[in-house]
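Given the structure is predicted, the values throughout are model-derived calculations rather than measurements. Atoms within a ligand are numbered from 1 in the order they appear, just like the ligands themselves.
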Amino acid sequence: MLAQLQTQLHARQATLVAVSKTHPPERIMDLYHQGQRIFGENRPQEMLAKYQVLPKDIEWHLIGHLQTNKVRLIAPFVRMIHAVDSLRLLQEIDKQAQKNNRVIDCLLQFYIAAEETKFGLDEQEAADLLQSPEYRAMQHVRLCGVMGMATFTDDQNQVRQEFRHLHDIFLRLKQQFFANEPAFREISMGMSGDWTLALEEGSTMVRIGSLLFGERSA
Ligand SMILES: *Cc1c(COP(=O)(O)O)cnc(C)c1O
């Protein structure tokens, strides 16, 4: 499965984040030996525990909702934080990154689904964040793009529209706020059930768990 996925993603120059949450380090090493280096987790403690025992050339991506009081656990090593959904969270990331003498790459999470349970900003909130003096003063975070999760539904058309919406948001933000910043180029969208649609709609990063590791029990 991994090789097949990598071939298709490579053709579109998209990045694979292998979502290893709930799976033990041995399973991660299976994919590591096949060349995979980017892994995604959604719990800071779990990611820290795995970081401590696994090879140091793994790039760890925190993909799920992140509480401000957990940022310090992962700030020393996290490669990218996908789900920034408030100025307060970004401020904490900036603060912890500074303590560790690093710059942490982040994505802004947008609310694109028709499900109340999902997190994320709307476009106005993002604009407010990007224009705030607090954001402008930050020196230890680098915004690299956007992230979103589509509605969990069989309606392909709805999912496609939601991905298209995220792509449009990305283009508008790029033009308004990041026109001169090549690092702002990622659209993190697509999971096991909808990654082909996401690629068709311009995803640059897919986050895939169950397709690679099998169903999660937890
Ligand atoms: C778990 C998770 C994924 C991967 O989900 P699969 O359906 O197993 O591919 C992707 N993104 C986020 C934010 C997740 O929490």
Side-chain angles (χ1 to χ4, degrees), residues 1-6 8-9 12 14-25 27-28 30-31 34 36-50 58-67 70-71 73-74 78-86 89 93 104-121 144-156 158-160 162-163 165-167 169-170 186-218:
M1 190 61 226
L2 178 65
Q4 252 171 289
L5 253 175
Q6 280 172 336
Q8 295 205 42
L9 293 172
R12 294 194 182 250
T15 302
L16 172 62
V17 178
V19 177
S20 48
K21 63 189 185 197
T22 76
H23 299 294
R27 299 290 314 281
I28 295 176
D30 287 345
L31 292 195
Q34 297 172 64
Q36 180 65 24
R37 289 294 180 275
I38 305 178
F39 291 90
E41 293 281 336
N42 65 352
R43 294 210 169 85
Q45 288 97 331
E46 185 177 341
M47 184 158 136
L48 173 60
K50 288 172 178 173
I58 288 180
E59 288 186 20
W60 293 100
H61 287 218
L62 202 285
I63 59 170
H65 182 66
L66 177 58
Q67 290 173 301
K70 302 282 167 63
V71 174
L73 293 176
I74 58 170
V78 67
R79 180 69 191 75
M80 183 176 271
I81 295 176
H82 284 232
V84 174
D85 59 1
S86 70
L89 176 57
I93 297 169
I104 296 180
D105 286 348
C106 296
L107 305 178
L108 293 176
Q109 179 174 15
F110 284 87
Y111 181 80
I112 54 170
E115 282 168 11
E116 300 255 326
T117 52
K118 298 211 161 124
F119 293 94
L121 301 160
C144 296
V146 302
M147 176 270 201
M149 292 170 85
T151 305
F152 187 70
T153 170
D154 289 333
D155 184 346
Q156 304 250 317
Q158 181 178 352
V159 172
R160 187 183 289 283
E162 291 173 359
F163 286 152
H165 181 203
L166 186 60
H167 192 166
I169 291 173
F170 168 81
E186 305 292 356
I187 305 176
S188 168
M189 61 184 186
M191 314 186 359
S192 290
D194 55 21
W195 67 277
T196 49
L197 276 178
L199 281 185
E200 285 169 21
E201 295 304 329
S203 172
T204 66
M205 258 186 186
V206 295
R207 310 175 309 269
I208 296 189
S210 38
L211 210 57
L212 290 168
F213 289 97
E215 291 301 326
R216 288 177 293 274
S217 47

*Under 4.0 Å from a heavy atom of I208: give me the atoms of ligand 1 that qualify, with their elements.*
9 (O)
*Would you please classify the geometry between the H82 ring and the H61 ring as parallel, tilted or perpendicular, with 30° and 60° separating the classes?*
tilted
*Just go through R43, Q109, M191 and tell me whose heavy atom is the nearest to atom 5 (O) of ligand 1.*
M191
*Part of K21 within contact of ligand 1 (heavy atoms, under 4.0 Å)*: side chain
_Could you work out, with side chain to side chain donor-acceptor pair (under 3.5 Å) as the rule, every residue matching S203, not counting sequence neighbours?_
none
*Could you tell me whether R160 and E201 make a salt bridge, using a distance below 4.0 angstrom between a side-chain N and a carboxylate O?*
yes
_Suppose we measure from atom 9 (O) of ligand 1 to each protein heavy atom; which comes out shortest, and what is that distance?_
S192 OG, 2.5 Å
*If we ignore angles and hydrogens, is there a donor and acceptor under 3.5 Å between the side chains of T151 and E115?*
no
_Against ligand 1, does L211 come closer than 4.0 Å with any heavy atom?_
no
*Does atom CD of Q156 have more than 12 heavy-atom neighbours from other groups under 6.0 Å away?*
no
*Take the angle between the ring planes of F119 and H65 and call it parallel below 30°, perpendicular above 60°, tilted in between.*
parallel
*Donor-acceptor pair, Q34 side chain versus D30 backbone, under 3.5 Å?*
yes
*Does any N or O atom in G209 lie less than 3.5 angstrom from one in ligand 1, N or O only?*
yes
*Any idea which protein heavy atom is nearest atom 13 (C) of ligand 1, and the distance to it?*
I63 O, 3.5 Å
_atom 11 (N) of ligand 1: nearest protein contact (heavy atom, Å)_ = R207 NE, 2.9 Å
*Give a yes/no verdict on whether any heavy atom in R216 is under 4.0 Å from an atom of ligand 1.*
yes
